[in-house]
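Read the structure below first, then the notes.
Numbers restart at 1 for each chain; the letters A, B, ... are given by sequence-line order, proteins then strands.
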Number of protein chains: 2
Amino acid sequence: MTVTLADVAARAGVSSATVSRVLNGNYPVADGTRTRVLRAVDELQYVVNGPASALAAATSDLVGILVNDVADPFFGIVASAVQSEMGGEGVTGAGQKLAVVCNTGGSPERELTYLTLLRRQRAAAVVLTGSAVEETAHSTALADRLRHLAAGGTRIVLCGRPPLPPRSGTTEQPPAPAEDGVVTLTFDNRGGSHRLTAHLLTLGHRRIGYVTGPADRSTTRHRLEGHRRALGEQAPEALAEAERLTVHGGAYDRSAGYDGALELLRRAPDLTAVLAANDTVALGVCAALRDRGLRIPEDVSVGGFDDLPFAADASPALTTVRLPLHEAGARAGRLALGLETPPPGDVATVRADLMVRASTAPPAPR
Amino acid sequence: MTVTLADVAARAGVSSATVSRVLNGNYPVADGTRTRVLRAVDELQYVVNGPASALAAATSDLVGILVNDVADPFFGIVASAVQSEMGGEGVTGAGQKLAVVCNTGGSPERELTYLTLLRRQRAAAVVLTGSAVEETAHSTALADRLRHLAAGGTRIVLCGRPPLPPRSGTTEQPPAPAEDGVVTLTFDNRGGSHRLTAHLLTLGHRRIGYVTGPADRSTTRHRLEGHRRALGEQAPEALAEAERLTVHGGAYDRSAGYDGALELLRRAPDLTAVLAANDTVALGVCAALRDRGLRIPEDVSVGGFDDLPFAADASPALTTVRLPLHEAGARAGRLALGLETPPPGDVATVRADLMVRASTAPPAPR
DNA sequence: TGGCGCTCTGAAAGCGCTTACCGACACTCA
DNA sequence: TGAGTGTCGGTAAGCGCTTTCAGAGCGCCA
């Protein structure tokens, strides 16, 4: 029914092995032969049978990208950056990967499910993005699954996630980073957050509210840690209050920011700055402050995180911590394809730079 | 290396045929045997080899979902609804589909590329969402490709798209809907738009601005048609002005709405209502109006389209046309899986209901 | 009790590709 | 000129499943 390799071979007057070699381009083939084969491919409108190819080669063209929330621009940027690296040298030719995004909705179970499904498909690689759930049972289950996948030949790249916890079961293991083929690109959340808070402290702020992301996410914890460390270093007296000035947002969304800011204002009407889990949350914070009649940055400074495209366009333009999402995604894509050599120890930390814009200013004099 | 069917069979003391039958559940197997097999599967942590299975069965577990823009909530809702129908009866068991979303970025070429890639993977089905590009060369190429896929056994569902144009090449064909296995769920864009405009006219509005979506999209045209038809019916005198009061937005985004509204205000400072291509655009329209010091709905009424979640939460709550996205997506998913029988003629129109909320009111008396 | 039908299971033939292995041929170099 | 070397192409053995076909076992009725 459908055209097969053999049909193409017959038409081109060669063996199917030769056709395969032309298509995969990993073996010397005389120019004349190649041309003839390609013409036959074209004339017959041949399209490789992916499953057959995957079965024989023990790996498919699929690359999975796991995201928490497909609607969040953070993931959109990373995912499209990964995809942009997948383009092969033409559609009929082999080597073209199918990058598919799998939306976990932040659910650990769905994450595991997708991983199994991708393993079943013998995916060439999977890129996991976004914050990891901290709950231990899940994270070790996840780590095991990932190592299992890696052992089966699937390349694993963690992008914007903390490195895997050490292998379970072997608790005796020294703190060796376990060369298990899982590559990690982790953002410097602690450092970025530290710099942002330090910036506020330097401006003179002492009462700084913080609306975090979901409490069970690694990212939330890391950003909070950076914040607290900066406080401890530059304003130990403010540290004492930090707990009270921290509100845990239930999600990385606008309304978490809005509600969080209102709650902060209730607890400490005299705060002079608010930091948000990320830019989206920061937007909500700004809205709430404005609704309370506060001006930004004259009355209250606001800081975000991520530097999503809208941060620079917001009014006032948002001071935030820039995460090079596109760059990191592209690198993750190349790593997934094996086009780039993994960093030493298989872990690289991606820098997080402070972007000072209009939403932060010295606190108003009392 | 990895566990195969034969390993499971050996462990359970049966043949691999039996294991396959247990896993696929499409053949009588004695209870005792089934239990033994399932235990073996469990003990060995067996995971089906998807490619092998796909090769033998001539169809894979993959279901593709093509979306214009993964970051647009419209597509997010549809895609997750489709996915929600995919859940099989367990991960190791067969029948669990892998629903993957492919982000075309609205580009016809990428759409075609993804279709080829999905064909290569012998996808079980593909769901295409969102507006179609109207450019003829592409749309017939697309139609051919889709019919090709359908002929190859892949189920095709168009969700929120117009039906395919008639088969190319056979121009002689009578207007028969061509039973080619491509199922379409199309939104009643014309009707919805008609109702919305009629609502404004009934309120007394006569100068109604319109910020459309990208000009080359079917959805844009259909919504505009409904709008014009309502004008023609209830206010022929307003129709004459319609052209001047229409601004073509370059995208379905906020800034298109913002810019569009400013342009409209320039052309007709006395307009009393503005309709937007969709809710996102409407948000931009509202922002622009407010920035010009106009109150909604006292000075200007605003209408959206789609009824995305934020429409009801906006202030003022947005009058809009509700598209049952989740419902349509779920149905598309079932259709893709063959769980639901296609509508007669393979085309169903999904209703679009008017949702009157706070953003529309009678025009201020002169 | 023999024959029939029913339920369950096994043997084996592919599905369409990749790739190890080998042979053919054309050179080059001594 | 014959061995050595390198380039190219064919042969055929799988990859791990699904599924057809046939057969085994068994209860039942006549």
Please list, chain by chain and in numerical order, all residues satisfying salt bridge (charged side-chain N to carboxylate O under 4.0 Å, His left out) with B:Arg36, sequence neighbours excluded. none

Test B:Cys159 against every option in B:Ile65, B:Leu335, B:Val78 by the side chain to side chain contact (heavy atoms under 4.5 Å, CB included) rule and name the one that passes. B:Val78

Can you measure A:Arg122 atom CZ to C:dT18 atom C1' for me and round it to whole angstrom units? 17 Å

Restricting to side chain to side chain contact (heavy atoms under 4.5 Å, CB included), what partner residues turn up for B:Val347, sequence neighbours left out? B:Pro163, B:Thr184, B:Thr186

Under 4.0 Å between a side-chain N or O of A:Ser20 and OP1 or OP2 of C:dT18? yes

Which donor-acceptor pairs under 3.5 Å do side chains of residues 336-345 of chain A form with protein atoms, sequence neighbours excluded?
residue, atom, partner, partner atom, Å
A:Glu340, OE1, A:Arg334, NH1, 2.4
A:Glu340, OE2, A:Arg331, NE, 3.0

When you match B:Pro28 and B:Ala57 each to their closest nucleotide on DNA chain C, which lands nearer the 5' end? B:Pro28

In whole angstrom, give the distance that lies between atom CG of B:Leu5 and atom C1' of C:dA12. 15 Å

Side-chain donor/acceptor pairs under 3.5 Å, residues 149-156 of chain A, sequence neighbours excluded:
residue, atom, partner, partner atom, Å
A:Thr154, OG1, A:Ala123, O, 2.9

Partners of A:Ser53 by side chain to side chain contact (heavy atoms under 4.5 Å, CB included), sequence neighbours excluded? A:Val48

Can you tell if the side chain of A:Val126 reaches within under 4.5 Å of the side chain of A:Leu115, non-hydrogen atoms only? yes

Atom CG of A:Asp61 and atom C1' of C:dT18: how far apart are they, to the nearest Å? 13 Å

Between D:dG16 (P) and A:Arg119 (CZ): distance, integer Å: 12 Å

When you match B:Ala56 and B:Arg34 each to their closest nucleotide on DNA chain C, which lands nearer the 5' end? B:Arg34

Counting side-chain heavy atoms from CB outward, which of D:dC17, C:dC8, C:dC17 is closest to B:Ser53? D:dC17

Checking A:Ser20 against A:Asn24: is there a side-chain donor and acceptor pair closer than 3.5 Å? yes

Sorted by chain and number, sequence neighbours left out, side chain to side chain contact (heavy atoms under 4.5 Å, CB included) with A:Arg161 holds for A:Glu111, A:Leu128, A:Ala132, A:Leu142, A:Leu158

Does A:Arg21 get its side chain close enough to the base of D:dG10, under 3.5 Å, for a donor-acceptor pair? yes

Just checking B:Thr18: base, sugar-phosphate only, or nothing, at a heavy-atom cut-off of under 4.0 Å? sugar-phosphate

d(OH, B:Tyr27; C1', D:dT19) in whole Å: 9 Å

Check side chain to side chain contact (heavy atoms under 4.5 Å, CB included) between A:His326 and all other residues, then give those that pass, not counting sequence neighbours. A:Ile77, A:Ala81

Five pairs at each end of the helix from C:dT1-D:dA30 to C:dA30-D:dT1: take the axis at both ends and give me the angle between them to 10°. 50°

Rounded to whole Å, how long is the line connecting atom CG of B:Leu55 with atom P of D:dT18? 11 Å

To the side chain of A:Tyr46, which of D:dT19, C:dC17, C:dT18 is closest? C:dC17

Per atom distances to the A:Asn26 side chain, the nearest of C:dT19, C:dT9, D:dT19 is C:dT19

Please determine whether a side-chain nitrogen or oxygen atom of B:Asn49 lies at a distance below 4.0 Å from atom OP1 or OP2 of D:dC15. no

When you measure from every atom of DNA chain C, which of residues 7-16 of chain A have a heavy atom less than 4.0 Å away? none

A:Thr4 near the nucleic acid: base, sugar-phosphate alone, or nothing, with a heavy-atom cut-off under 4.0 Å? sugar-phosphate

Answer with base, sugar-phosphate or nothing: what part of the nucleic acid does B:Ala30 contact at a heavy-atom distance below 4.0 Å? sugar-phosphate

